[in-house]
Amino acid sequence: MLTPLSVEDSRSLLTWFNDADYTEANLRNYLGSPELPSRALRNQSRLLDRTRDATLLNALLRWFWMGRIQQQSEIETSVPEALLNLLLESGLLRRDGGQLIPRAMLLPVGDFLVASDHPQAIERGESEMVLWPNPTSKFLSRFAVRRHSRATLDLGTGSGILSLAAARHSDQVVATDLNQRAIDFTTFNARLNGIDNIEVLMGDCFAPVLNRRFDLILSNPPFFITPKTDYMFCDNELELDQLCRRLVKEASDHLNEGGYMQMLCEWAEVDGQPWQDRIAEWLDGTGCDAWVMKGLTQDPEEYAQHRIRETTQDTSHDAELYDGYMTYYRERGVKAIHDGLVVMRRRSGPNWVRIEEVPKTPTGELGDLILRTFAAHDLLQEIAADEKLLAIRPKLAERVRLEQICDQAGGRWRAESLTLRLISGFPFHLAMQPLVAEFLATCDGVRTADEAIRDFAATTDAPFETVQRECLAMFRKLIERGFVVLADA
């Protein structure tokens with residue numbers, strides 16, 4: 001495994017890579033595509049051609065992006081001796097005669113440089129391989145709450161990418177994993193990136209942090225729902241989705257009051273039970289508010305094919321594997337498999353749970369979106385009585401836009417529809433009638449909801465009680481979705 005360098009040598013190594021432009025922004029342009037080398041993609045020849053010139057960046061790419069062995073004679077003019085010595089001392093390279101053999105992949109993520117196993121480890125069937133920062137871990141990182149945390153837990157840390165990011169807003173980070181190889185990589189990556197407030201512990205689920213509590217828990221666990229346990233980074237030994245259920249059930253015991261747990265997961269939809277009910281049972285009795293955001297849904301056939309393709313390059317056993325997967329799902333009555341994000345917040349008192357399917361393309365500061373959404377639900381509880389809602393001073397959020405679609409006919413444009421839309425976070429939208437859109441425009445954060453409703457009611461023919469009831473229902477929906485905030489928000 002890798003050997004953490006001294007603080008000074010780690011800083012020097014990182015500087016060498018940055019000076020060579022081995023950065024996320026540059027590689028995206030330099031390689032023409034961010035894809036990793038893969039036999040399935042058949043991109044090795046293109047990457048070899050792109051890195052054919054004898055430069056330091058190309059030598060680093062061939063070692064730590066492509067996983068290629070290079071001869072000492074090939075890199076003598078492009079790789080400084082001081083850098084080569086650091087690579088050998090750290091174990092990132094191994095010398096075998098005249099060959100220099102890479103022992104890890106190095107992936108730039110933002111301003112971090114993250115060591116992990118190379119994709120070739122999947123092709124070799126190495127069960128303890130540590131996955132590189134993939135789209136799943138990056139997705140969870142985008143959603144992570146980034147307020148100050150006295151203590152953050154990264155459960156199932158893998159390469160440690162979530163811990164590295166969390167260390168910037170946490171007094172202390174605890175990174176745990178069942179895989180000793182992941183422990184070693186996270187330790188190495190913390191030192192390489194100059195981070196000294198990460199404690200790395202080995203163990204299963206919450207066992208390494210017994211009797212400890214956190215302001216934030218992040219988890220990207222091995223949640224694949226398959227009959228196999230080939231790879232520690234994605235498989236687990238429990239039935240279907242029971243590992244994720246266990247983590248949800250146990251999380252509140254390790255959260256401080258007001259602390260958040262954010263976990264990516266998959267769950268099964270089985271015969272006779274709506275998918276919402278299955279995940280609602282996980283949350284029942286946890287003492288936490290919760291927002292479950294469902295993303296992709298796959299039928300068992302599609303899911304099996306997808307997972308087989310991801311975890312093996314050998315096609316000779318596809319029929320046998322597929323039959324094993326489908327037998328597993330049929331015996332358990334699995335109708336569909338869903339993925340999504342579960343966010344929990346420990347809070348005393350009556351808890352709320354929001355379970356929904358969300359749009360696929362959120363934008364903006366998603367950690368802030370989490371905090372805003374939970375604050376909106378708190379507000380709705382505080383102003384549950386009509387008289388309290390009437391007393392607020394509402395206004396449209398800055399990220400709200402009104403879109404009008406017009407139809408051309410008879411030589412002129414005719415308004416066809418109005419849509420109120422959020423332009424950051426999840427792109428939620430609501431159809432609007434012109435009169436309602438005009439009413440919302442008058443909600444300026446100065447007038448109370450009662451004053452705005454009374455002025456609006458005077459412009460309609462409907463009974464005041466009806467207008468008030470419908471406006472209050474609309475305000476509740478708009479507050480929940482983030483369209484309407486209070487004047488001081």
Side-chain angles (χ1 to χ4, degrees), residues 1-3 5 9-124 126 129-135 137-138 159 161 164 185 188-189 192-193 310 313:
M1 279 302 296
L2 305 181
T3 302
L5 299 170
D9 284 347
S10 295
R11 189 181 302 117
S12 296
L13 183 59
L14 199 60
T15 299
W16 280 112
F17 276 80
N18 287 332
D19 289 348
D21 257 351
Y22 196 100
T23 63
E24 186 174 23
N26 182 58
L27 296 192
R28 189 179 298 115
N29 296 322
Y30 186 78
L31 295 175
S33 171
E35 67 195 23
L36 299 177
S38 165
R39 284 197 301 171
L41 294 175
R42 302 177 71 174
N43 57 8
Q44 289 275 358
S45 297
R46 180 181 67 80
L47 292 171
L48 282 171
D49 180 67
R50 188 66 189 85
T51 58
R52 65 186 181 278
D53 295 334
T55 67
L56 174 56
L57 176 58
N58 286 344
L60 295 176
L61 284 169
R62 287 196 167 195
W63 275 325
F64 304 116
W65 187 274
M66 301 178 63
R68 302 280 298 190
I69 298 172
Q70 297 184 86
Q71 299 294 324
Q72 173 90 35
S73 58
E74 294 179 78
I75 56 88
E76 282 179 338
T77 60
S78 57
V79 179
E81 184 177 358
L83 170 57
L84 182 59
N85 289 338
L86 289 176
L87 294 173
L88 290 166
E89 182 183 346
S90 66
L92 288 166
L93 285 181
R94 177 172 66 85
R95 192 193 301 274
D96 184 1
Q99 293 184 325
L100 294 167
I101 303 168
R103 302 181 65 229
M105 180 182 185
L106 285 169
L107 194 69
V109 181
D111 55 0
F112 297 123
L113 188 61
V114 183
S116 68
D117 282 311
H118 195 273
Q120 294 168 357
I122 292 182
E123 298 174 8
R124 294 191 294 265
E126 297 176 4
M129 69 155 292
V130 173
L131 198 67
W132 53 95
N134 66 343
S137 55
K138 292 179 182 179
S159 67
I161 181 59
L164 299 179
F185 269 117
F188 180 87
N189 286 328
L192 175 61
N193 289 279
E310 278 189 327
Q313 300 293 322

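Position 1 is the first residue of the sequence, and the numbers go up from there. Everything numeric in this text was worked out from a predicted model, so none of it was measured.
- For residues 53-69, no pair satisfies salt bridge (Lys or Arg N to Asp or Glu O under 4.0 Å), with sequence neighbours left out.
- With sequence neighbours excluded, no residue forms a salt bridge (Lys or Arg N to Asp or Glu O under 4.0 Å) with E76.
- A search for salt bridge (Lys or Arg N to Asp or Glu O under 4.0 Å) contacts involving D49 returns R52, not counting sequence neighbours.
- For Q44, the side chain to side chain donor-acceptor pair (under 3.5 Å) criterion is met by no residue, not counting sequence neighbours.
- For R46, the side chain to side chain donor-acceptor pair (under 3.5 Å) partners at least two apart in sequence or on another chain are E35.
- Contacts of Y22 classified as ring pair (Phe, Tyr, Trp, His ring centres under 6.0 Å), with partners at least two apart in sequence or in another chain: F17.
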Using residues 81-100 as the side-chain source, report each donor-acceptor pair under 3.5 Å to any protein atom, sequence neighbours left out, with the distance given to one decimal.
unit_1: N85; atom_1: ND2; unit_2: E81; atom_2: O; d: 3.3
unit_1: S90; atom_1: OG; unit_2: L86; atom_2: O; d: 3.1
unit_1: S90; atom_1: OG; unit_2: L87; atom_2: O; d: 3.1
unit_1: S90; atom_1: OG; unit_2: L92; atom_2: N; d: 3.3
unit_1: R95; atom_1: NH1; unit_2: Q72; atom_2: OE1; d: 2.6

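- For residues 115-124, the set of pairs meeting the salt bridge (Lys or Arg N to Asp or Glu O under 4.0 Å) definition, not counting sequence neighbours, comprises R39-E123, D117-R181, R124-E126.
- Every residue two or more places apart in sequence or in another chain was checked for a salt bridge (Lys or Arg N to Asp or Glu O under 4.0 Å) with R42, and none qualifies.
- Closest approach of S159 and L131 over heavy atoms only: CB-O, 3.8 Å.
- Scanning for salt bridge (Lys or Arg N to Asp or Glu O under 4.0 Å) contacts around D111 gives R168, with sequence neighbours left out.
- Here S10 pairs with nothing under the side chain to side chain donor-acceptor pair (under 3.5 Å) rule; sequence neighbours left out.
- Looking at residues two or more places apart in sequence or on another chain, you find no side chain to side chain donor-acceptor pair (under 3.5 Å) involving R103.
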